Amino acid sequence: MNCGVVVFPGSNCDHDCFHVLKHVFKLHTEWIWHKGGQDLSRFDLIVLPGGFSYGDYLRAGAIAQFSTVMKEVIGFAESGGKVLGICNGFQILVESGLLPGALMQNHSRKFICKTVLVRVENARTPFTQKCAEHSVLNIPIAHHQGGYFIDPEELRRLEENGQVVLRYCGSAGEVTGEFNPNGSVGNIAGIINAGGNVMGMMPHPERCADPAWSNLDGQLIFKSIIHSCQNGVSV
Amino acid sequence: MLAKIHVTFKKGVLDPQGKAVHHALSDLGYKEVAGVQVGKYMEVQLNGISEEEAQTRVKEMCEKLFANTVIESYRFTLDSAE
Amino acid sequence: MLAKIHVTFKKGVLDPQGKAVHHALSDLGYKEVAGVQVGKYMEVQLNGISEEEAQTRVKEMCEKLFANTVIESYRFTLDSAE
Amino acid sequence: MKVRSSPDITPDIVCQHGLTLEEYRRIQDLLGRVPNLTELGIFSVMWSEHCSYKSSRYHLKKLPTEGPRVLQGPGENAGVVDIGDGLAVIFKIESHNHPSFIEPHQGAATGVGGILRDIFTMGARPLALLNSLRFGEPDHPRTRFLLNGVVDGISSYGNCTGVPTVGGEIYFDPCYNGNILVNVFCLGLVPSDKIFLGNASGVGNPVIYFGSKTGRDGIHGASMASSEFDDSSEEKRPTVQVGDPFTEKLLIEACLELMKKDWVVGIQDMGAAGLTCSTFEMAGRAGTGIDLDLSRVPRREEGMTPYEILLSESQERMLVVVKRGMEEEALALFRKWDLDAAVVGEVTDKPVVRIFENGNQVVHLPVELVVDGALDLERPAARPTDLDAINRIDLTEIPEPVCGDEVLRKLLASANIASKHWVYEQYDHMVRLNTLGLPGSDAAVLRVKGSKKALAISVDCNSRYCYLDPFYGTQIAVAECVRNIVCSGGMPIGLTNCLNFGNPEKPEIMWQFAQSVAGLGEICRFFDIPVVSGNVSLYNETLGEAIYPTPTVAVVGLLEDRSCHTTQWFKESGHLIGLMGLTLEELGGSEYLSVRFNRVEGKPPHLDRVLERSVHEMCLALISEGLVVSAHDCSEGGLGVALAESCISHPESPRGAELHIESTIRHDACLFGESQSRILVSFPENNREAVEEKARIMKVPFAVIGKVGGDSLVVNVNEEEFIREEVATLKKLWMGALETYVR
Ligand SMILES: Nc1ncnc2c1ncn2[C@@H]1O[C@H](COP(=O)(O)OP(=O)(O)O)[C@@H](O)[C@H]1O
Ligand SMILES: [Mg+2]
């Protein structure tokens with residue numbers, strides 16, 4: 001299985017994603033430089049990592065969507081390749097139109113870094129199939145613009161299609177405002193495209209996937225992807 | 001030519017910053033404040049193009065970059081004196 | 001009454017956002033762009049005060065809250081129709 | 001020698017440059033002529049307190065700076081300590097106090113930027129940031145604004161550059177009402193044979209400028225950092241710079257890529273005093289000279305004069321000397337990272353810096369005269385006459401509380417003791433996957449990838465103690481910092497310090513300074529911890545009111561085995577709780593006196609160095625042998641607060657505890673006094689004998705004082721209940737206090 005981690009100027013979780021894919025899961029992993037020019041078809045998975053691409057000036061992900069590599073990533077996704085956008089990667093995916101909606105400044109207007117709980121809303125995606133349906137994962141978040149927004153009409157469609165994959169919740173899985181760290185509509189923490197091959201999530205699974213820590217919930221996301229790449233999965 | 005661009009949240013999109021600023025103003029005793037909207041303002045200096053061209057080009061820049069039209073709307077004026 | 005407030009960096013102060021946006025626009029092929037400034041735009045709805053009062057009050061708000069006068073300057077207009 | 005002349009230099013102009021007429025005379029004598037205005041500007045920044053350490057150097061010389069692990073002591077951009085396995089850590093702490101008071105967000109942000117550059121300029125990838133902050137009293141009208149701005153600034157800059165901010169400390173005290181402190185620490189990791197220095201050697205080698213363009217920002221910044229505030233400081237405002245963390249991130253990556261090449265000769269960031277300082281210092285260290293052509297310097301604004309270009313403190317800029325012939329490759333590398341870059345000069349053999357602009361020579365100055373010419377001042381020192389009165393305290397005047405509940409609640413909700421999660425959750429403290437010990441315990445713990453090792457880091461200073469006794473107060477700062485390190489499982493290997501004081505021209509301040517440095521030197525020698533870097537910030541005064549002496553120290557500790565890292569919270573019901581060290585009847589300078597009676601007086605707690613060291617050794621032994629599962633030192637708020645924190649700081653599930661303490665001293669001193677050299681540990685009952693045996697062998701007073709369990713913290717003193725409070729209540733108070741305040 002071949003993995004690629006895109007490096008934008010200002011990416012800073014690129015090393016973390018690379019580390020987990022290569023050193024924890026022992027997958028063949030390469031860097032993909034933002035200036036493009038690589039044939040991406042040999043990859044099974046492309047990760048858009050967290051960070052502050054182009055400083056996230058103006059709006060998170062706004063400038064990165066125009067980088068040369070994003071044209072290639074869009075092509076890769078359109079031909080069915082799996083793309084995982086984490087945090088800033090999620091922001092870039094919505095800015096570039098690969099995923100619907102937008103990510104707004106947190107309601108607190110502050111950056112938030114802490115471990116939160118998310119409930120798996122759809123365990124039949126290539127990114128979550130190793131999770132139990134409605135199980136609760138412990139995953140860190142670290143963002144300033146993580147409030148997911150989408151208009152009510154489209155939200156209904158997302159929900160009906162099972163495209164809402166992760167929601168912020170309490171320890172018993174309760175999805176209430178109390179457990180919403182950033183003001184996301186419907187406590188949404190992660191979504192998938194209609195094709196089922198592009199997923200964006202604000203929490204950082206790579207931060208809880210290295211055995212140096214006791215919390216390994218993030219491994220479920222990576223194991224799901226690996227499993228689906230190796231066995232194929234229908235959505 | 002100077003393009004002056006305003007980007008604000010669309011109606012129905014909550015503006016957390018506006019809300020917070022409103023709150024802060026109330027705390028400071030500005031009871032006359034009934035609402036606050038916080039947006040962005042950009043000035044783009046353009047060289048060597050006609051006003052007509054500028055119209056299309058700036059519109060494009062707004063749609064592509066300055067505003068995320070899912071949540072924001074924009075308007076701009078062109079000032080050929082500057 | 002609606003106060004429309006513009007806050008921008010003072011002359012000579014580095015505007016990192018403007019710099020990055022300028023760079024991005026050049027990369028996108030907008031060669032006509034000679035400079036970009038990114039600032040803030042605020043609309044404050046005011047109720048039940050006279051224009052004269054509003055002048056002083058909004059000025060105060062700008063100094064206290066909206067602009068960081070160490071590095072930013074502000075200007076505002078009052079629109080009594082809105 | 002032809003140097004462009006400039007308008008006559010009047011005494012007024014000299015003063016505006018922060019130089020005394022005596023210093024100006026010295027310049028003329030040593031130079032053998034009158035300097036021009038640009039040259040005067042150079043002297044003003046290079047001879048400022050900030051760059052020349054003229055008031056402090058005499059004292060700093062007495063610090064122990066060597067040790068078997070030290071690869072680089074003070075004098076370079078940062079200190080370097082070997083950690084084995086071919087790796088070394090580079091670290092330093094620096095102040096950005098004045099700029100942060102004027103513009104908290106940008107001041108703090110650019111402070112982070114500056115310290116990051118000090119670290120990666122030496123070849124290290126920055127691994128972690130910490131900060132030590134001091135604000136005025138919570139009720140002061142500006143405190144909330146300053147706190148918000150500073151935290152925002154640190155968060156925006158650190159987060160964007162992808163360097164985790166893993167710890168720090170915050171205190172509030174009226175003495176900082178007019179002078180906040182923002183001290184920022186950074187640590188980087190580097191192969192021990194790949195350390196880069198700020199050296200301009202090799203005659204004929206090109207000097208390359210890279211990073212952001214030069215603007216008019218921050219001119220006079222360095223001299224501002226060295227002069228006292230008065231009411232007119234407001235007008236000095238435009239000297240504040242705006243940071244561009246995105247460019248800094250590119251600089252980090254570009255520098256680390258550059259340093260893989262074998263043609264980098266020397267490199268230095270442009271910090272205070274900008275291009276001037278880096279040019280002169282790099283030549284100075286190599287004993288060479290530099291010819292600089294200002295017309296090639298990338299600029300942001302039109303019409304900048306040589307004076308402005310040389311003194312600008314625009315951020316995110318670097319200077320590098322590469323081997324001749326490699327300039328094109330270097331420039332290509334910088335282009336790859338979208339950075340501005342240009343060859344701006346050349347290394348020469350005569351130790352003189354010559355600066356040209358469009359062919360005209362505008363500066364011609366001997367390097368040594370500029371770098372080392374400032375006189376070391378042995379400023380007069382005198383013990384403050386009111387100190388004796390302040391040190392006296394009559395405990396009989398202080399009523400003892402019958403019950404400790406309310407005091408404990410008050411202490412936990414006081415801004416100085418309350419949880420700082422509102423702050424550190426705004427910092428990305430996890431990025432780069434090294435933070436094993438997250439903020440919220442005694443020290444931050446970072447793994448060292450590629451080895452079994454880990455690092456523990458803490459910053460500390462209780463300035464109240466330093467005010468009451470600068471010598472012992474400073475020693476306590478070091479002792480506490482080391483205690484935090486050993487509680488986390490680390491062995492101290494190096495120290496850096498940031499000495500924040502008032503106006504050194506006042507003998508009382510100079511006395512505080514001299515005492516503090518003497519105390520620091522002595523304790524570091526005793527603990528055998530080398531001081532490898534540091535920073536001095538003087539003139540922290542407004543309208544004649546000085547801050548308390550605040551010698552912030554940061555200690556770095558090494559864990560040979562990262563699995564031995566320990567946290568402060570109780571782990572399981574049924575575990576026993578033990579206390580190392582002695583509790584004396586000491587209330588001087590305590591948070592208790594301040595919170596309950598609004599008094600800052602008495603003497604700081606006694607520090608028994610020998611006992612302190614034994615406690616460190618015992619704690620480390622217990623941890624490395626796996627005998628204890630938690631360790632927490634007693635600091636502000638004493639044993640009572642340490643117990644409460646051990647109960648409530650568990651990130652998921654707080655625990656209760658029941659204590660039975662035997663005591664012959666006042667109850668308030670027993671629970672809230674701040675006796676030093678005490679560490680609270682918890683362990684499974686099975687280990688009791690082994691732990692007690694360890695205490696006997698190591699001659700550390702030790703007592704098992706209670707047991708973990710239940711929903712409440714219950715403290716009985718001499719079999720009488722003194723505290724009973726539900727942990728949920730305590731946790732809520734402690735967690736919410738700062739957040740409630742900031743809102
Ligand atoms: N300014 C800050 N930035 C980041 N973390 C902080 C800051 N202030 C305090 N913390 C964290 O909060 C915890 C408690 O700090 P403190 O009460 O100062 O500890 P101690 O008394 O053991 O020195 C520590 O983990 C510390 O790193
Ligand atoms: Mg501690």
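Worth knowing before you read on, the calculation uses all heavy atoms, side chains too, and leaves out hydrogens, waters and symmetry mates. Please read all numbers here as calculations on a predicted model, not as lab measurements. Note on naming: letters A, B, ... go to the chains in the order of the sequence lines (proteins, then strands), and numbering restarts at 1 for each one.
Taking CG from Asp15(C) and NZ from Lys10(C), the interatomic distance works out to 15.0 Å, rounded to the nearest 0.5 Å.
A 4.5 Å side-chain heavy-atom check between Leu2(B) and Leu46(B) finds every atom pair outside the cut-off.
A tilted orientation is assigned to the rings of His6(B) and Tyr41(B), their planes being inclined by 30° to 60°.
For Glu53(C), no part lies near chain B; criterion is any non-hydrogen pair under 4.5 Å. Proximity to chain C (any heavy atom under 4.5 Å) is shown, for Val21(B), by both the backbone and the side chain. Only the side chain of Leu65(B) comes within contact range of chain C, with heavy atoms under 4.5 Å apart.
Annotation: maximal heavy-atom pairing with chain B below 4.5 Å, among Lys31(C), Lys40(C), Gln37(C), occurs at Gln37(C). For chain B, the option among Glu60(C), Gln17(C), Lys64(C) with the highest count of heavy-atom pairs below 4.5 Å is Glu60(C).
Tyr30(B) and Glu32(B) form no side-chain donor-acceptor contact under 3.5 Å, judged by distance and modelled atom types alone.
Across Lys4(C), Glu51(C), Glu52(C), a single residue satisfies side chain to side chain contact (heavy atoms under 4.5 Å, CB included) together with Leu78(C), and that is Glu51(C).
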